[in-house]
Amino acid sequence: MKISFTINSAKVELELRPHETLLKVLRANGFTEVKSGCEEGECGACLVLLDGKPINSCQVLAMSVREKPVTTVRGIGTLHLPHVLQKTFARGGADQCGFCSPGMVVAAYGLLQRNPRPTREEIAEALDGNLCRCTGYVKIVEAVYQAAAEMQKEDTRTE
Amino acid sequence: MLPSTIQWYFPRRLNDAVKLIQKDGVILHGGGTKILEPQPRSSVKGLVDIGDLGLDYIRASGRSVRIGAAATFADVVRFAREKKRLNILGTSLSHAASTPLRNRITIGGSVKDFPMWSNLYAPLLALDARVVIAGMQLRICPIEEYAGSDLIHSRHLVKEIRVPERSDVVYGIKTFHVVRFEYPIFTIAAAVAMRKGVVREARIFITGVRRKFARLTSTEEVLHGNAITGRLIEEAAGKSSFSFVPDFRFSAEYKQRVARVYLKDLLREIKQAAA
């Protein structure tokens, strides 16, 4: 069946079956920036924002969220128009294999929307659902902290 | 895994949702995290989504807080931090699962489900919460009665949890887990009412035990009518008995020892908070 969703602020018709998770439906309909990791809600690779809040798309049935806005990492920033977070990740060495990075960026973005000046402890808490096997997390936390500082500077400049 | 032929229902009225779940094979869907656990679900024919029932509220009125069944763990943690209320509940739930999962796990679903590793039940039991149940009739039930009876297995919808707060009560909670956001091995929560330094009443519960929860009545009896001293704490903790199930991490005996230590720590914290 085809159901209308709002993905990255655009209305799209997605092909789905009623028992499928949001992760499966997104990937099957071309949103492959949402990564499939554990499919058990443990690794955070599949994170998207649902109504602005980070959720594991592997733990949500797509039909149940058909009327809520979904944001994937591509809705936060792209290769040609990267978000500040993506820039600080790349600059700061916060990605190695890159597989966890989309989920990390989504979690961090969700945090910065609620809390523009998080402490490092608050960043670590916000990323508690994201696993990384490569970096040891320190550079990831620093990248988010740096992004928050840069976003604060930009906001001060525009005021 | 769910069958591909499941039927979805999106009722807008509570009564409609209750009628739907009386059908065989039709179950409730809140956050959905329980439904997606890897276990056979071939008998599920329909899912009744509670998203349109308007149950995602948390309302403080006077000395009590009403939490709608569709409110998430994250909603309760945020409420507790911002309003500085329901602290033991907020503290316990802030350690449950992870940030993204807390954005989906619902209070109603977790009350109905009551897993062995629940972060939710110990504080609700200590707080003497009430469960508002929508079945064939609307009913309000103390959570201790709800969890300990066959009612929890009947076909109903949890509508709301009502949590009273008392100004004469000191609350405390301790959770034993290996890492911060792991499933708790056990949780002990206490609510102790005192007047002029003397214990008037106490509610002390532990979850994660063999029968899922237990009230530590022997400990409560030692405390009742007395001022909390170091000696009383030793005596009260000594009277406690726990029945744990051994697992791959810890023996039952080890869990009992740790539980006794945690109980003493909790009583010391309550004594300090009351001073």
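Numbered from 1 within each chain, the chains take letters A, B, ... in sequence-line order. Hydrogens, waters and symmetry mates are skipped; everything else that's a heavy atom, side chains included, is used.
Within the model, atoms CZ of B/Arg104 and OG of A/Ser57 stand 11.0 Å from one another, a figure rounded to the nearest 0.5 Å. Here the straight-line distance linking atom CG of B/Asn103 with atom CG of A/Leu49 works out to 9.5 Å at 0.5 Å rounding. With rounding to the nearest 0.5 Å, the separation of OG in B/Ser98 from CG in A/Asn56 is 5.5 Å. Note that CD1 of B/Ile105 and CD of A/Gln59 are 9.0 Å apart. Values are rounded to the nearest 0.5 Å. The OG1 atom of B/Thr99 sits 13.5 Å away from atom CD1 of A/Ile55, with the distance rounded to the nearest 0.5 Å.
Counting heavy atoms of neighbouring residues, nucleotides and ligands inside a 6.0 Å radius, atom NZ of A/Lys139 does not exceed 12 of them. Residue A/Arg133 qualifies as open at atom CZ: its count of foreign heavy atoms under 6.0 Å is 12 or below. Within a 6.0 Å sphere centred on CD of B/Gln22, other residues, nucleotides and ligands contribute more than 12 heavy atoms. Taking a 6.0 Å sphere around NZ of B/Lys212, one finds it holds more than 12 heavy atoms contributed by other residues, nucleotides or ligands. The environment of A/Lys2 atom NZ is dense: over 12 non-hydrogen atoms of other residues, nucleotides or ligands sit within 6.0 angstrom. Shown here is B/Arg13, whose CZ atom has no more than 12 heavy atoms of other residues, nucleotides or ligands within 6.0 Å. Open room surrounds CZ on A/Arg117; 12 or fewer heavy atoms of other groups in view lie less than 6.0 Å from it.
Within the 4.5 angstrom heavy-atom criterion, no atom of A/Val106 approaches chain B. Proximity to chain B is limited to the side chain of A/Leu50, based on heavy atoms less than 4.5 angstrom apart. Contact annotation for A/Leu61: both backbone and side-chain heavy atoms come within less than 4.5 Å of a heavy atom of chain B.
Partners of A/Arg120 by side chain to side chain donor-acceptor pair (under 3.5 Å), not counting sequence neighbours, listed by chain and number: A/Glu142.
Salt bridge annotation for A/Glu122-B/Arg81: absent, with no cationic side-chain nitrogen under 4.0 angstrom from a carboxylate oxygen. Look at A/Asp128 and B/Arg102 and you find a salt bridge, because one of the NZ, NE, NH1 or NH2 atoms lies within 4.0 Å of a carboxylate O, short of that distance.
Between A/Ser64 and B/Asp49, the shortest heavy-atom distance links the atoms CB-OD1, 3.7 Å. Between A/Met63 and B/Phe10, the shortest heavy-atom contact is O-CZ, 3.8 Å.
Side chains of B/Leu2 and A/Pro18 form no contact here, defined as non-hydrogen atoms less than 4.5 Å apart.
The candidate with the highest count of non-hydrogen atom pairs below 4.5 Å against chain A, out of B/Thr33, B/Thr5, B/Val44, B/Ile35, is B/Thr33.
Residue pairs that meet the side chain to side chain donor-acceptor pair (under 3.5 Å) test with at least one member in residues 12-26 of chain A, sequence neighbours left out, are A/Lys24-A/Glu39.
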